[in-house]
Amino acid sequence: MIVLATAHAQLVRDAIQAAQAANDLPAFEIPAFEIKPPKRPEQGDYAASIALQLAKPAGMKPLDVARLIVYHLPHADFVAAVEIAPPGFINFRLDDDWLAQQVEAIITAGSQLFQLDHGKGKRAQVEFVSANPTGPLHIGRSRGAIVGDSIARILEAAGYAVEREYYFNNAGMQMQNLGSSLRIRYLQALGQPVEIPEGGNFYQGDYLIDFARQLVAEHGATWAEHDWQPFKEYAEQKMFGNIRATLKRIEIEHDVFFNENSLFDNGAIWDVMEELDQRGYVYKSVEWEGASEEEKLKAAGKEPATWFRCTPFGIEKDHVLVKSDGTPTYTLPDIAYHKDKLERGFDLAVNILGADHFVQHQVVKAGMQALGLDESKIHVIIMQFVRLIRQGKEVKMSTRRGDYETLDDLIDETSPDAVRYLLLARSPDSRLDFDLDLAVAQNNENPVYYIQNALVRCAGIFRQTAEAGVSDDAVDLSLLGTDELRFLRKALELGDIIEFSALNLEPHKIAFYAHELAGVFHPIYDSVRVLNEDVPADVARARLRFYRAAQVVFKRVLRLMGMSTPEYM
RNA sequence: GCGCUCAUAGCUCAGUGGAUAGAGCAUCGGUCUUCGGAACCGAGUGUCGGGGGUUCGAAUCCCUCUGGGCGCACCA
């Protein structure tokens, strides 16, 4: 099937070139331009403002440019009429017969509807979640999880071979604290009078009490003399099981779990260090080169550390690669990790990060440039935070203490579909308030139900018509009315939406589109009946066929968002 | 203080150079009594945070001010 916005744009581009070849228009480079459905129906189905843009380079009036473009426009079967509107808009109208025939094209495409070849032969990687296994996933991670997986789905629809990756760290102090915390819970489970110290870096969550009970059930008291290490390993394994199970509930499964530690084991971080050094981006000092007097005073007396000179790449200050005690910071393996990504040959590597990691990603990109790598393949989506609202008040979240809201809790309270939709339906740039009461509400304020109800209504028609023996074989699609054609226009926009979302990595467009599509569907459902004595048999059959196509479109859209496609609710 | 980001209808938000700025919810009025009413139809609402600039054209780009959020570690 064709993507209409792109197809129209190609017609216009061909027309401009033809006009230039005929010397009707002077030679100039054709600028990037957009063709999209206009706001008002009287302005056609697709509209272009290119003639206005070209007025200056062409040295002509916009209206004259528009006339020339229209004159040279090649024929296309999907175009019924082209109109010029002052001051120079070109408005296209879709052909009704062609539109009606798209019912068959949609049904044939099925679950592969608007499967594009934009990324054909290309490999994309999306890295998301990437939470260290120190506790269950909490709400703060959930938005990135949904957005990351949705981007992966859209890239797949655009034709990319996509890998979902989870980057984690199972070494370091945090994990040691986790092991120590579990050890105390274990001793408690054995009845020993030990307490988790207040205020320390211990994990208070109840999940460790559960793990401790399981540990006692499996090993009895035999671990009582062990230090934190085996406890850490046990906790880590359990935690990952927990995290993966949670993610699976919202239809997220990663292909690769990348352990940061492997970059230490194979020496990759030291290779990167050496290369950065050779290129002149490493130095040893107690403070960074541009340090203020105040900073120098603070650093006085410290042992020298190893710094990454990243200010040449527009970063405000240099960052430490290796601490004075000889251990690397997070920055060094992170640079090595992204180098590894690029060397694995991905054409596109998308990284979903929280707003607090903004500077860190800049440093990593600087690292890529310093290494002479093509950092343009790395795309970072910075997400603003999610705020949880209950009864109009913010619910405070904390990973360390036990009183936080986990993603599991959220799914239990609402539903996987509500979580997927509500966390997706917002631009990543804006902060997201997740209103628990609204998400729990089973009423029409919740867009999830409005969208899925369209599918349920289709299923209802199919059940009833099957009983009544109405067939939709070999129907005459020209019997479809203007309402059905209106829905088809909107349905065909899905191609534009997928292409745009994939190109700009903006998955929230799909969520808004889904709601709009449902908004076009429901009024039609009311007026365009199949089983009604006033409806002639051949019209009923054509309409039934139409609803089959509608179901295909809704299913495709819901699956692109990782949502279920119910037949009953 | 510096960097990033956000500010659009009563509320939650779309809209990133084009035509008269749009949805949903809420509010008010109506349909209907059902191929699933979790529905449909109709009505009103805007100093696009303020100011300046670029442009034939700005919610959109630039500057500036105000007000939120997030960063500005030898943490990850």
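Throughout, protein chains are lettered first and strands after them, A, B, ... in sequence-line order, and every chain is numbered starting at 1.
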Measure from the side-chain heavy atoms of [X] and tell me the nearest of [options].
X: A:Ser49; options: B:C40, B:U20, B:G18; result: B:G18
X: A:Gln384; options: B:G3, B:U5, B:A14; result: B:U5
X: A:Pro523; options: B:A38, B:G18, B:C40; result: B:C40
X: A:Lys317; options: B:A73, B:A19, B:G36; result: B:A73
X: A:Ser430; options: B:A38, B:A76, B:C13; result: B:C13
X: A:Pro38; options: B:A76, B:G18, B:A19; result: B:A19
X: A:His522; options: B:U20, B:G36, B:A39; result: B:A39

Atom pair distance, as rounded to whole Å: [atom1] in [X] and [atom2] in [N]:
X: A:Lys298; N: B:A73; atom1: NZ; atom2: C1'; result: 9 Å
X: A:Gln174; N: B:A73; atom1: CD; atom2: C1'; result: 14 Å
X: A:Asp429; N: B:A59; atom1: CG; atom2: C1'; result: 15 Å
X: A:Arg40; N: B:G15; atom1: CZ; atom2: P; result: 20 Å
X: A:His319; N: B:C74; atom1: NE2; atom2: P; result: 8 Å
X: A:Asp356; N: B:C6; atom1: CG; atom2: C1'; result: 16 Å
X: A:Ile50; N: B:A19; atom1: CD1; atom2: C1'; result: 16 Å

Close aromatic pair by centroid cut-off 6.0 Å: [X] and [Y]:
X: A:Tyr449; Y: A:Tyr421; value: no
X: A:Tyr46; Y: A:His8; value: yes
X: A:Phe308; Y: A:Tyr283; value: no

Which value, in whole Å, describes the distance between the P atoms of nucleotides B:G49 and B:U12?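 It comes out at 15 Å once rounded to the nearest Å.
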
Quick one: is [N] close enough that its OP1 or OP2 comes under 4.0 Å of any side-chain N or O from [X]?
X: A:His357; N: B:U5; value: no
X: A:Tyr449; N: B:C25; value: no
X: A:Lys323; N: B:C75; value: yes
X: A:Arg431; N: B:A7; value: no
X: A:Lys509; N: B:A14; value: no
X: A:Lys56; N: B:C56; value: yes
X: A:Ser130; N: B:A76; value: no
X: A:Arg457; N: B:G36; value: no

Less than 3.5 Å apart, any donor N or O on the side chain of [X] or [Y] sitting next to an acceptor on the other?
X: A:Glu83; Y: A:Asn91; answer: no
X: A:Tyr337; Y: A:Glu165; answer: yes
X: A:Tyr203; Y: A:Gln174; answer: yes
X: A:Tyr167; Y: A:Asn259; answer: no
X: A:Thr327; Y: A:Asp325; answer: yes

Select base, sugar-phosphate, or nothing to describe what [X] touches, counting heavy atoms under 4.0 Å on all strands.
X: A:Tyr525; value: base
X: A:Asp435; value: nothing
X: A:His515; value: sugar-phosphate
X: A:Gln360; value: base
X: A:Val359; value: sugar-phosphate
X: A:Arg426; value: sugar-phosphate
X: A:Glu303; value: base
X: A:Ser427; value: sugar-phosphate
X: A:Ala299; value: nothing
X: A:Val528; value: base
X: A:Val322; value: nothing
X: A:Met173; value: nothing
X: A:Glu516; value: nothing
X: A:Lys302; value: base

Nearest-nucleotide wise, let me know which of A:Phe358 and A:Tyr568 is further upstream toward the 5' end of RNA chain B.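 The residue whose closest nucleotide sits nearer the 5' end is A:Phe358.
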
With RNA chain B as reference, determine whether A:Thr329 or A:Glu295 sits nearer its 5' end, using the nearest nucleotide of each.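 Nearer the 5' end of the strand: A:Glu295.
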
Would you state whether a donor and an acceptor, one from the side chain of [X] and one from the base of [N], lie under 3.5 Å apart?
X: A:Asn91; N: B:A19; answer: yes
X: A:Ser324; N: B:C74; answer: yes
X: A:Arg463; N: B:G36; answer: yes

For A:Phe89 and B:A19, is the gap between ring centres under 5.5 Å while the planes differ by less than 30°?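 Here the ring of A:Phe89 and the base of B:A19 are stacked, with centres under 5.5 Å and planes under 30°.
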
Sequence neighbours left out, what passes salt bridge (Lys or Arg N to Asp or Glu O under 4.0 Å) with A:Arg426? Give chain and number order.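 Not a single residue meets the salt bridge (Lys or Arg N to Asp or Glu O under 4.0 Å) criterion with A:Arg426.
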
Just so I know, are the side chains of A:Cys458 and A:Arg548 near enough to count as touching, which here means a heavy-atom distance under 4.5 Å? no

Just jot down the side chain to side chain donor-acceptor pair (under 3.5 Å) partners of A:Asp334, sequence neighbours excluded, or say none. none

Could you spell out the base pairing of RNA chain B as a dot-bracket line? Use Watson-Crick and G-U wobble contacts where both distances are under 3.5 Å, [ ] for crossing pairs, | for partners on a different strand. (((((((..((((....[...)))).(((((.......))))).....(((((..]....))))))))))))....

